[in-house]
Amino acid sequence: MGWNLSKFPVAFITGITGQDGAYLAEFLLDKGYIVHGLRQPSTLPDLINIEDLCIRYNGKFFLHYGDMTDGSVLHRILLHIKPDEIYHLAAQSHVKISFDSPEYTANVNGLGTLRLLEAIRTIDKDRKIRFYQASTSELFGSTPFPQCETSPFEPCSPYATAKLYSYWTVKNYRKSYGIHASNGILFNHESPIRGEEFVTRKITKAVARISMGQQNILMLGNLDSKRDWGHAKDYVRGMWLMLQQEKADDYVLATGKTYKVRDFVEKAFAKIDIKLKWQGKGLNEKAIDTATGRVVVAVDKELFRPQEVHCLIGNPEKAKNMLGWSTDISLDELIEEMVEADIKIAKSEANNNLISENVICSNG
Ligand code: NAP
Ligand code: F7E
């Protein structure tokens with residue numbers, strides 16, 4: 001298709017292959033943006049979340065190889081594509097993994113932001129580029145709740161300390177060099193394309209597989225930690241709104257409600273008509289399917305973290321008042337969408353297995 005590309009705003013998204021990157025890319029493409037994304041050099045297929053966009057928006061959607069640990073590539077990409085807006089989402093985003101890989105996490109999540117801001121500082125002399133940084137509720141750690149923009153930070157993981165470095169670097173580049181740079185302090189947001197290692201997706205995937213007889217039991221860590229969970233679709237709209245403001249600033253995006261991991265488990269099982277009864281305490285706690293007496297959830301101490309963030313509840317008043325942002329999708333709707341999507345995947349896996357079994361049978 002022959003687009004006249006010069007009349008469209010240009011966005012650059014790091015982390016485009018992840019959950020938020022995929023939702024944000026679609027949101028911006030639908031608004032008429034040209035979207036460029038950073039894709040890590042990898043031998044493994046990594047485009048599953050954005051395959052459809054590559055086809056639907058051919059000619060307006062571009063991918064560039066690069067890594068947040070390589071500042072020279074970031075510099076070259078910015079010179080080449082001349083973005084109006086940059087959404088910096090790339091990160092080693094798993095909190096538990098950050099305890100095992102603290103130096104890598106600091107390099108990507110902390111210094112990666114510095115590299116990108118340095119590239120902007122040198123290239124964008126007129127300060128036209130608007131910059132969004134994916135900050136996080138993990139900065140609050142064990143601070144009293146509800147948490148808002150002025151709450152103190154008390155990060156409890158290498159992930160959070162690296163993100164705190166990025167948060168302050170953004171503020172410093174805003175004040176020192178006049179760059180339009182904003183921190184979005186986002187509370188947990190999920191979707192059917194959430195990484196399978198995060199607790200919500202791990203739960204909905206297991207629920208779907210249990211309903212299909214493909215899995216017997218779901219092993220979890222801390223069932224009592226509380227999170228403020230929203231839908232990623234609502235949160236990427238908030239990122240865009242931040243960059244449409246005349247002045248850059250920092251905003252909390254959250255639902256203002258919190259639930260325990262065990263509540264999420266109960267709600268997800270309820271979607272397949274399984275009612276749970278909890279028995280035992282601590283590491284011996286189990287959830288039993290009341291209809292069959294079968295244990296469907298148990299606790300594994302390996303899944304606990306060296307330090308836990310026990311309770312997060314965000315206060316999104318500032319974003320509501322200044323950006324006109326609010327959430328459209330409730331937790332129940334989110335869980336329903338996730339379970340339904342995972343049931344579809346489980347069914348198609350079952351069909352594929354059946355087909356390959358038939359092929360083996362007919363060949364043998
Ligand atoms: P995600 O699904 O884990 O996506 C992370 C993205 O970063 C992926 O595209 C990944 O590429 C890319 N990436 C990782 N290391 C990289 C590197 N060294 N160089 C270049 N790219 C790299 O995370 P998400 O849930 O979409 O979250 C987006 C951002 O928001 C992250 O910064 C996260 O820390 C932050 N955040 C998320 C939440 C949430 O609840 N989702 C809340 C607050 C803040 P591959 O696909 O190749 O691995
Ligand atoms: O854990 C508990 C776990 O890994 C949520 C990232 O997007 O949001 C995310 O970080 C809670 C924790 O997300 C399991 O201990 C119990 O208390 O889904 P999670 P997270 O750590 O909150 C923030 C805002 C980000 O910025 C991050 O990038 O669930 N939990 N059992 C478990 N968690 C996992 N992953 N797996 C379990 O088996």
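Hydrogens, waters and symmetry mates are skipped; everything else that's a heavy atom, side chains included, is used. Throughout, numbering of the chain's residues begins at 1 and tracks the sequence. Not measured: the values here are computed from a predicted model. First listed ligand is number 1; within each ligand, the first listed atom is number 1.
The shortest separation from a heavy atom of V108 to ligand 1 is under 4.0 Å, placing the residue in contact. At least one heavy atom of Y104 sits less than 4.0 Å from an atom of ligand 1.
Here the protein heavy atom with the shortest distance to atom 29 (C) of ligand 1 is L89 O, 3.1 Å. Of the protein's heavy atoms, S93 OG, 3.5 Å lies nearest to atom 23 (O) of ligand 1. Of the protein's heavy atoms, A91 O, 3.1 Å lies nearest to atom 14 (C) of ligand 1. Of the protein's non-hydrogen atoms, the one nearest atom 4 (O) of ligand 1 is G18 CA, 3.4 Å. Taking atom 2 (O) of ligand 1 as the reference point, the nearest protein heavy-atom neighbour is Q19 N, 3.0 Å. Protein heavy atom in closest approach to atom 36 (N) of ligand 1: Y159 OH, 3.9 Å. Nearest protein neighbour of atom 6 (C) of ligand 1, counting heavy atoms only, is G15 CA, 3.6 Å. D20 N, 2.8 Å is the protein heavy atom nearest to atom 26 (O) of ligand 1.
The closest donor-acceptor contact from the side chain of T290 to the backbone of K277 lies at 3.5 Å or more, if one exists at all.
With a 4.0 Å cut-off on non-hydrogen atoms, Y65 does not touch ligand 1 at all. Under 4.0 Å from ligand 1, heavy atoms of D67 appear from its side chain as well as its backbone. The proximity of A232 to ligand 1, defined as any non-hydrogen pair under 4.0 Å, does not occur for either the backbone or the side chain. For E138, no heavy-atom contact with ligand 1 is shorter than 4.0 Å.
Considering A134, A254, A160 only, the shortest heavy-atom separation from atom 30 (O) of ligand 1 involves A134. Checking Q40, H189, M68, K163 against atom 15 (N) of ligand 1, the nearest heavy atom belongs to Q40.
Between F153 and F140, the ring center distance clears the sub-6.0 Å criterion. A ring-centre distance under 6.0 Å is found for H36 and F62.
Other members of the cluster containing Y65 do not exist, because no ILVMFWY side chain is joined to it at under 4.5 Å.
Applying the side-chain hydrogen bond (donor to acceptor under 3.5 Å, both in side chains) test to N107 and every residue at least two apart in sequence or in another chain returns R115. Under the salt bridge (Lys or Arg N to Asp or Glu O under 4.0 Å) criterion, K202 pairs with no residue, sequence neighbours left out.
When each atom of ligand 1 is checked for a heavy atom of R194 under 4.0 Å away, the hits are 25 (O), 39 (C), 40 (O), 41 (N). The atoms of ligand 1 that sit less than 4.0 Å from any heavy atom of T136 are 43 (C), 44 (C). Annotation for ligand 1: atoms under 4.0 Å from non-hydrogen atoms of S135 are 43 (C), 44 (C). Near N188, meaning under 4.0 Å from any of its heavy atoms, are these atoms of ligand 1: 40 (O).
By the 4.0 Å N-to-carboxylate-O rule, K318 lies too far from E149 to be salt-bridged with it. Salt bridge absent: R130 and D84 never bring a charged side-chain N and a carboxylate O closer than 4.0 Å. Note on R174 versus D250: salt bridge recorded, some NZ/NE/NH1/NH2 to OD/OE distance being below 4.0 Å.
Using bins of under 30°, 30° to 60° and over 60° for the plane-to-plane angle, the ring pair Y235/H189 lands in the parallel bin.
Between S137 and ligand 1, no pair of N/O atoms sits closer than 3.5 Å. Residue contacts with ligand 1: L186 is placed with no nitrogen or oxygen under 3.5 Å of a nitrogen or oxygen of the ligand (distance criterion only).
In this structure, the side chains of W278 and V265 come closer than 4.5 Å at one or more pairs of heavy atoms. Here the side chains of E317 and K320 are in contact, with some heavy-atom distance below 4.5 Å. Residues V170 and H88 form no side-chain contact, since every pair of their non-hydrogen atoms from C-beta on lies 4.5 Å or further apart.
In terms of hydrophobic clustering, with Ile, Leu, Val, Met, Phe, Trp and Tyr side chains grouped at heavy-atom distances under 4.5 Å, F27 and L243 are assigned to a common cluster.
The side-chain tip of K233 does not point at the ring of Y23 from less than 6.0 angstrom away and within 45° of straight on.
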Which pairs of nitrogen or oxygen atoms, taken one from ligand 2 and one from the protein, are under 3.5 angstrom apart?
from	atom 1	to	atom 2	distance (Å)
ligand 2	1 (O)	R305	NH2	3.4
ligand 2	4 (O)	R305	NH2	2.8
ligand 2	7 (O)	R194	NH1	3.2
ligand 2	7 (O)	R194	NH2	2.9
ligand 2	8 (O)	N188	ND2	3.1
ligand 2	15 (O)	E308	OE2	2.6
ligand 2	17 (O)	S225	OG	2.6
ligand 2	17 (O)	R227	NH2	3.1
ligand 2	17 (O)	E308	OE1	2.9
ligand 2	17 (O)	E308	OE2	3.1
ligand 2	18 (O)	V199	N	2.8
ligand 2	21 (O)	R305	NH1	2.6
ligand 2	22 (O)	N188	ND2	2.9
ligand 2	22 (O)	R227	NE	2.8
ligand 2	26 (O)	T136	OG1	2.7
ligand 2	26 (O)	Y159	OH	2.7
ligand 2	28 (O)	S93	O	2.7
ligand 2	28 (O)	Y159	OH	2.8
ligand 2	31 (N)	G221	N	2.8
ligand 2	35 (N)	E197	O	2.9
ligand 2	38 (O)	K202	NZ	2.8

*asked:* Is there a salt bridge (charged side-chain N to carboxylate O under 4.0 Å, His left out) between K96 and E138? Walk through the geometry before answering.
replied: CA-CA 12 Å; K96 184 162 188 289; E138 286 291 304; over 6 Å; no
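Using modelled atom types and a 3.5 Å distance limit, the side chains of T69 and D67 yield a donor-acceptor pair.
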